[in-house]
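The structure under discussion appears below in the form of structure tokens.
All chains are named by letter (A, B, ...) in the order of the sequence lines, taking the proteins before the strands, and each is independently numbered beginning at 1. Values in this document were obtained by computation on a predicted structure and should not be read as measured data.
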There are 2 protein chains.
Amino acid sequence: MNSRESLKNFILKVVQITPKDAQEIADAFRPIELEEKEFLLQENQVSDDYLYLENGLMRTFLYDLEGEEITIDFFIEDNIVFEITSFFNRVRSEANIQAITKCTGFRISYEELNTLFHDKPAFRDFGRAILVKEFIASQKRNYGMINRTAKERYQNLLMTKPQILQHSPLKFIASYLGVTDSTLSRLRKNL
Amino acid sequence: MNSRESLKNFILKVVQITPKDAQEIADAFRPIELEEKEFLLQENQVSDDYLYLENGLMRTFLYDLEGEEITIDFFIEDNIVFEITSFFNRVRSEANIQAITKCTGFRISYEELNTLFHDKPAFRDFGRAILVKEFIASQKRNYGMINRTAKERYQNLLMTKPQILQHSPLKFIASYLGVTDSTLSRLRKNL
DNA sequence: GAATCCGCTTGACAAAAGGCAAGAAAATGA
DNA sequence: TCATTTTCTTGCCTTTTGTCAAGCGGATTC
């Protein structure tokens with residue numbers, strides 16, 4: 001079995017496209033591996049990775065005014081991972097992207113992405129669909145954060161991304177949920 | 001002065017493009033007016049409006065599990081307004097978009113947008129830039145909501161969209177900030 | 001002009017979440 | 001293995017926010 005099968009299937013899930021085109025797009029990606037705690041992107045770099053995460057768990061985080069790490073989002077397998085602002089606008093990133101566990105996947109650069117956009121019109125639809133998908137996820141998260149208690153937010157996270165519980169330290173989850181370590185620890189107790 | 005001057009300038013701000021192209025794109029949009037409280041989109045409709053808001057204030061909202069209106073976002077003048085999910089994925093909208101004040105602007109349909117994407121490659125970049133811009137705004141909002149108190153969130157909203165204070169009833173703002181009317185009323189008092 | 005409705009404010013109390021510090025448990029490393 | 005560091009839990013008390021109910025003033029309506 002072709003090692004890019006997972007990526008090909010992901011593409012076919014996202015846009016209507018011929019399997020041949022999907023395969024050719026997938027073939028343009030190159031394998032990448034990240035060790036636990038390795039960075040895909042560090043702040044002040046210009047991101048040049050558009051990554052399909054085949055296996056593993058990642059997070060994106062930044063530092064707040066007090067210098068504390070704030071986890072902004074978790075990425076689980078079978079998703080596209082990249083820092084939209086830095087990647088598309090070619091500006092220095094304010095955020096970091098880090099592997100929580102060992103990760104494997106396939107990546108292309110900004111230049112390669114644009115070449116693909118040009119050569120494969122269907123890939124443009126893919127790119128747009130990913131943007132729309134991520135945007136919707138962000139909006140849903142907004143909504144979920146505002147109108148729920150910390151306990152409900154925690155339960156919701158466990159429903160949607162149960163992998164996190166196994167592999168992520170409590171403090172990443174706490175800052176993602178916008179509560180202190182203590183509060184999250186107490187929430188866990190009442191389950 | 002051409003009545004679409006504002007839209008043309010908006011396009012020129014967003015992407016590098018010739019003024020001639022920007023003008024031709026702007027000319028493809030058609031004027032639209034909305035009275036106070038009129039809806040641009042109601043839930044269960046498939047959105048067909050990609051709107052440049054030239055003047056006025058709008059909001060998008062939905063109903064929570066208790067049937068209460070939750071304001072998801074405010075739109076101020078000189079911005080693109082549309083419901084991404086419904087518009088791009090051609091599915092029924094869960095959200096409503098409503099004019100808070102009288103609004104004027106220019107709109108195109110989904111079909112017209114795709115024709116423009118085809119005829120004017122530079123407009124594709126515009127479309128993508130708008131998506132990226134909105135996505136970033138959504139992420140920023142996420143971040144701002146999580147790690148700030150209600151008071152800080154309120155102050156931040158007033159800094160970024162002061163128009164809202166003048167025209168929006170308190171309850172819209174309260175649900176946007178994720179607090180009760182009472183709490184927002186008390187916050188206001190302490191300023 | 002009295003009755004009604006709506007938007008907003010306020011008070012009294014309850015619940016949710018945070019701050020801080022101490023300590024237990026787990027991971028790391030020599 | 002033992003020592004050290006990091007991660008997580010817990011207790012005590014404070015702050016923030018919510019709930020519920022009452023009240024106020026302006027607009028609308030009959």
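Rounded to whole Å, atom P of C/dG7 lies 10 Å from atom CD of B/Glu69. Between the P atom of C/dA16 and the OH atom of A/Tyr154 lies a distance of 18 Å, rounded to the nearest Å. Rounded to whole Å, the distance from CD on A/Glu152 to C1' on C/dA16 is 12 Å. Counting to the nearest Å, the P atom of C/dA16 and the CZ atom of A/Arg148 are 17 Å from each other. When the P atom of C/dA25 is taken as reference, atom CZ of A/Arg188 falls 16 Å away, rounded to whole Å. Atom-to-atom, NZ of A/Lys171 to P of C/dA26 comes out at 18 Å; the value is rounded to the nearest Å.
Judged by distance alone, the side chains of B/Tyr52 and B/Asp78 do bring a donor and an acceptor atom under 3.5 Å apart. B/Glu54 and B/Ser6 form a side-chain donor-acceptor contact under 3.5 Å, judged by distance and modelled atom types alone. Defined by atom type and a distance below 3.5 Å, a donor-acceptor pair is present between the side-chain atoms of B/Lys133 and B/Asn79. A donor-acceptor pair shorter than 3.5 Å can be found between the side chains of A/Gln23 and A/Asp27.
Salt-bridge check for B/Arg90 with B/Asp48: passed, with a basic side-chain N closer than 4.0 Å to an acidic carboxylate O.
Listed by chain and residue number, A/Asp73 satisfy the salt bridge (charged side-chain N to carboxylate O under 4.0 Å, His left out) test with A/Lys161 (two or more places apart in sequence, or in another chain).
Protein chain B touches strand DNA chain D; the 5'-most and 3'-most nucleotides with an atom under 4.0 angstrom of its non-hydrogen atoms are D/dT17 to D/dC20.
Take the nearest nucleotide of DNA chain C for B/Lys189 and for A/Thr149: the residue whose nucleotide is more 5' is B/Lys189.
Separating the CZ atom in A/Phe29 from the CD1 atom in A/Ile108 is a distance of 3.5 Å, to the nearest 0.5 Å.
Cluster annotation: B/Leu116 and B/Ile11 are assigned to the same hydrophobic cluster (Ile/Leu/Val/Met/Phe/Trp/Tyr, side-chain heavy-atom contacts under 4.5 Å, transitive).
Annotation: proximity of residues 177-186 of chain A to DNA chain C (heavy atom, distance under 4.0 Å) is found for A/Gly178, A/Val179, A/Thr180, A/Ser182, A/Thr183, A/Arg186, numbered in ascending order.
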